[in-house]
Amino acid sequence: MAQIVFLTGVQDRIALAQRLVRKKVREGGRVCVLGLTPDLRRLSHALWSEPQLEFLPHVHTRVSPEPVVRELTPVWLVEQAVEGLGCDSVINLGVELPDWTARFERVAEIVGVDDEARASGRRRWKAYERAGHELLHHAGG
């Protein structure tokens, strides 16, 4: 069963996602980031440029990749469920797909501070809870 951690009250979700992605890749992991297009574009830009000269290979996709691309890419940015990415973790920036995200070994649910983000986070929490997952909560992002 997946280890699911909710990180709530996060002021800058993209900065936190970038830190989590970099940490996971340093540890040798492969990670999928699930989010809306504007968030994924901001994250992609950050992975290209911050910090300078430390580009992190990643692909923004909507379809399952070719095997050679999958093997060479440690980070995937997706807006919807995509199979065959070979990731062990997912970072969710707010998309409501708990049935798909729970397939990963580790799930980080990043919840922002606005009312809509908090309401969406509560719905995702309840969906995971109904499915019988053990949930961890870290407030304050």
Side-chain angles (χ1 to χ4, degrees), residues 1-52 54-141:
M1 192 158 280
Q3 178 187 18
I4 301 170
V5 178
F6 274 78
L7 305 158
T8 61
V10 178
Q11 293 290 330
D12 188 343
R13 295 174 307 113
I14 304 308
L16 178 57
Q18 181 187 15
R19 286 194 309 273
L20 294 175
V21 165
R22 288 191 178 282
K23 179 179 184 224
K24 187 67 178 174
V25 171
R26 272 194 312 272
E27 294 170 350
R30 299 171 55 84
V31 63
C32 176
V33 181
L34 177 63
L36 299 176
T37 300
D39 290 335
L40 296 178
R41 284 188 183 141
R42 285 183 51 220
L43 179 59
S44 179
H45 178 74
L47 294 173
W48 271 100
S49 59
E50 299 170 19
Q52 287 186 338
E54 289 190 29
F55 165 72
L56 190 57
H58 61 282
V59 172
H60 188 166
T61 189
R62 290 186 172 101
V63 297
S64 295
E66 296 295 322
V68 70
V69 175
R70 181 180 56 240
E71 288 183 30
L72 295 173
T73 307
V75 180
W76 296 92
L77 309 180
V78 300
E79 300 159 27
Q80 61 196 19
V82 176
E83 301 303 326
L85 299 177
C87 297
D88 50 20
S89 318
V90 64
I91 297 168
N92 189 356
L93 294 172
V95 177
E96 296 190 34
L97 284 174
D99 291 339
W100 183 71
T101 55
R103 297 179 188 177
F104 294 86
E105 293 173 27
R106 298 178 68 117
V107 179
E109 289 280 349
I110 300 178
V111 180
V113 294
D114 61 84
D115 291 340
E116 184 179 330
R118 290 196 327 259
S120 175
R122 285 187 200 105
R123 287 190 298 272
R124 295 191 313 274
W125 177 284
K126 289 176 184 177
Y128 287 124
E129 202 170 48
R130 279 191 304 272
H133 293 283
E134 183 178 333
L135 305 173
L136 300 172
H137 177 236
H138 296 285

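Just so it is clear, the structure is predicted and the values come from calculations on it, not from any experiment. The first residue of the sequence shown is numbered 1, and numbering continues consecutively from there.
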Among all residues two or more places apart in sequence or in another chain, which pass the ring pair (Phe, Tyr, Trp, His ring centres under 6.0 Å) test with H133? Y128

D12 and R42 ion-paired at < 4.0 Å: yes

Check whether R13 reaches the backbone of G112 with its side chain - one donor and one acceptor, N or O, closer than 3.5 Å. no

Minimum side-chain heavy-atom gap E109-W125 below 4.5 Å: no

Which residues satisfy the ring pair (Phe, Tyr, Trp, His ring centres under 6.0 Å) test with W76, sequence neighbours excluded? none

Check whether E83 reaches the backbone of S64 with its side chain - one donor and one acceptor, N or O, closer than 3.5 Å. no

Distance (rounded to the nearest 0.5 Å) between L40 CG and T61 OG1: 11.5 Å

Output the distance between atom CZ (R41) and atom CG (L36), rounded to the nearest 0.5 Å. 11.5 Å

Minimum heavy-atom separation for L85 and P65, please, with both atom names. CD2-CD, 3.6 Å

Measure across Q80 and W100 and return the closest heavy-atom pair with its distance rounded to 0.1 Å. O-CH2, 4.4 Å

Do P57 and L72 have side chains that get closer than 4.5 Å, going by heavy atoms? no

Taking all non-hydrogen atoms of both residues into account, name the closest pair between N92 and V95 and its distance. ND2-O, 2.6 Å

Could you report the tightest heavy-atom contact between A2 and V107, atom names first, then the distance? CB-CG2, 4.3 Å

Separation between CD (Q11) and CG (D114), nearest 0.5 Å, reads 10.0 Å

Crowded around H45 NE2? As in, over 12 foreign heavy atoms under 6.0 Å? no

For residues V111 and V10, determine if any side-chain heavy atom of one lies less than 4.5 Å from a side-chain heavy atom of the other. no

Might you work through the side-chain contact (heavy atoms from CB on, under 4.5 Å) test for V31 and L20, ending with a clear yes or no? CA-CA 9 Å; V31 63; L20 294 175; over 6 Å; no

For R30, salt bridge (Lys or Arg N to Asp or Glu O under 4.0 Å) partners two or more places apart: none

Side chains of D88 and K24: does their closest heavy-atom pair fall under 4.5 Å? yes

Taking atom CD as the centre, does E27 end up with more than 12 heavy-atom neighbours from other residues, nucleotides or ligands that are less than 6.0 angstrom away? yes

Distance-only, no hydrogens or angles: does the R106 side chain make a donor-acceptor pair with backbone N or O of I4 under 3.5 Å? no

Determine whether a donor-acceptor pair (N or O, by modelled atom type, separation under 3.5 Å) exists between the side chain of H58 and the backbone of L56. yes

Side chains of H60 and S44: does their closest heavy-atom pair fall under 4.5 Å? no

Which atom of T73 lies closest to which atom of V69, heavy atoms considered: OG1-O, 2.8 Å

Looking only at heavy atoms, the pair that brings I91 and A17 closest together is CD1-O, 4.0 Å

Please round to the nearest 0.5 Å and tell me the distance separating atom CG of D39 and atom CG of L93. 5.5 Å

Nearest 0.5 angstrom please: I110 CD1 to T8 OG1, how far? 11.5 Å

